[in-house]
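Step one of this worksheet: look at the structure below.
Values below: every heavy atom of this structure, side chains too, minus hydrogens, waters and symmetry copies. Letters A, B, ... mirror the listed sequences (proteins, then strands); counts begin at 1.
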Amino acid sequence: MPVSLTSSKVIFNALKQCDIRLLSALPETWLVHLIRMAEEDPEVTLVRLAKEEEGVGISAGAHFAGVKSAMLMQNHGFLASINGIVSFAHLYKIPLLMLISYRGTFGERDPWQTQGGNVTEALLRGMGIPYSFLDEIETVERRIRHAQTLAESSLQPVTLLLTRNLMWEE
Amino acid sequence: MLRLDCLRAIYPELENCLVVTIMGATAAELHSLGHRPNFFYLQHAMGLASSTGLGLSLCLPDQKVVVFDGDGSLLMNLGSLSTMARYRPKNLVHVVFDNESLLSVGGFPTATSTGTDLEGIARAAGIPTVLTVRAVEDFRAAAKRALEGTQLTTIIAKVEARGPAGYVTDLSLVENRFQFRRYIQSLKRQ
């Protein structure tokens with residue numbers, strides 16, 4: 001499977017550098033290495049979800065407990081989480097670092113992913129969620145750190161979109 | 001059985017717990033008994049009270065966490081039962097007030113009014129201890145036992161579809177959230 005192990009390692013190490021100790025996740029192809037790394041790391045609590053929206057509540061609980069967390073999901077999982085993001089994270093000013101694999105864009109072969117790709121950025125903008133891209137390995141660590149800093153200082157959701165360029169070696 | 005009477009019966013035991021409630025009548029009734037800084041009222045995001053309790057209990061394994069859920073909220077996030085069961089935190093007590101109704105929006109019947117069995121669903125999801133209670137004394141005993149025990153427990157409390165006249169309290173949502181977090185951080189410093 002041509003999911004980039006190298007990029008996944010850099011992302012995972014950057015998350016740990018930011019003191020993130022809880023990751024909620026729902027598997028998707030581009031995230032397989034990241035989820036495995038989280039599972040194998042005794043310093044990180046991995047919570048495997050049934051549906052991505054649960055992760056908003058779990059991250060809020062972690063924030064109240066003083067534990068830094070992040071959500072790992074596909075953009076369709078983001079679509080499935082919107083009410084939780086608006087009526088919990090926004091309403092209650094919860095910092096929420098969301099790493100979202102950006103499926104359905106240029107190069108996408110799976111027809112079922114393509115609609116989600118069309119609406120992801122428009123929704124992020126419409127919801128007022130600051131976002132940036134993880135698209136080059138050299139800038140991953142810095143960008144994750146900056147996203148986490150903004151989430152914590154602004155007490156709101158912040159998104160990093162994981163791109164094909166970074167995650168897929170083909 | 002009234003939810004308010006159940007809350008009153010267990011209120012003294014909540015002093016040293018972290019408490020998360022759903023929105024509407026449940027939040028307003030617990031608040032009416034006397035707000036404490038360890039109470040967090042999730043006044044929207046239906047379904048996520050149990051997920052919040054799971055996050056808290058996983059991050060604070062030495063702290064008892066109580067979630068006051070409802071049938072309407074839980075039906076919106078049944079997957080949460082499977083996630084809680086997967087990690088089965090020993091310090092989490094999940095109470096579901098089942099009034100077979102979406103009371104706070106006008107009393108529309110939920111699927112538990114037509115036979116959906118939340119106890120059966122919770123048990124089949126893998127929650128280790130699940131029970132249904134229909135009398136206040138039984139509720140108090142079950143909740144106390146769960147709080148003193150070391151096993152993830154879901155208590156289905158069958159209650160009447162009656163609530164307070166209004167749902168808005170004088171505690172702002174954001175104030176509640178900051179107070180709750182500050183309370184937890186103060187526990188950690190002790």
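Both the backbone and the side chain of A:L91 come within contact range of chain B, each with at least one heavy atom under 4.5 Å from a heavy atom of that chain. B:R177 touches chain A through backbone and side chain together, each having a heavy atom under 4.5 Å away. Of the two parts of A:R21, neither the backbone nor the side chain holds a non-hydrogen atom closer than 4.5 Å to a non-hydrogen atom of chain B. Heavy atoms closer than 4.5 Å to chain A are found in the side chain of B:L58, but not in its backbone. Of the atoms belonging to A:I85, not a single heavy atom falls under 4.5 Å from chain B. Contact annotation for B:Q43: both backbone and side-chain heavy atoms come within less than 4.5 Å of a heavy atom of chain A. Using a 4.5 Å cut-off between heavy atoms, A:K93 touches chain B through backbone and side chain atoms alike. With a 4.5 angstrom heavy-atom cutoff, B:F178 touches chain A only via side-chain atoms.
Counting heavy-atom pairs under 4.5 Å between each of B:S172, B:S80, B:S50, B:S57 and chain A puts B:S80 at the top. With chain B as the partner, the residue from A:S87, A:S69, A:A50 showing the most heavy-atom pairs under 4.5 Å is A:S87. Across B:L56, B:L78, B:I184, the residue that shares the most heavy-atom pairs under 4.5 angstrom with chain A is B:L56. By number of non-hydrogen pairs under 4.5 angstrom with chain A, the leading residue of B:L48, B:V20, B:L18 is B:L48.
The aromatic ring centroids of A:Y92 and B:F40 lie less than 6.0 Å from each other.
Taking a cutoff of 4.0 Å between a charged side-chain nitrogen and a carboxylate oxygen, A:D19 and A:K68 do not qualify as a salt bridge. At a threshold of 4.0 Å, the pair A:K51-A:E53 does not count as salt-bridged, since none of the basic side-chain nitrogens sits closer than that to a carboxylate oxygen.
Side-chain contact between A:C18 and A:I144: present, with at least one pair of heavy atoms (C-beta onward) separated by less than 4.5 Å.
Once rounded to the nearest 0.5 Å, the distance linking CG of A:L15 with CG of A:L99 reads 5.5 Å.
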Derivation and outcome, salt bridge (charged side-chain N to carboxylate O under 4.0 Å, His left out), residues A:R164 and A:E108: CA-CA 9 Å; A:R164 178 176 307 274; A:E108 182 65 66; 3.0 Å; yes
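Counting only N and O atoms by type, the side chains of B:Q151 and B:T129 include a donor and acceptor under 3.5 Å apart.
A cation-pi contact, defined as under 6.0 Å to the ring centre and within 45° of the axis, is absent between A:R125 and A:Y131.
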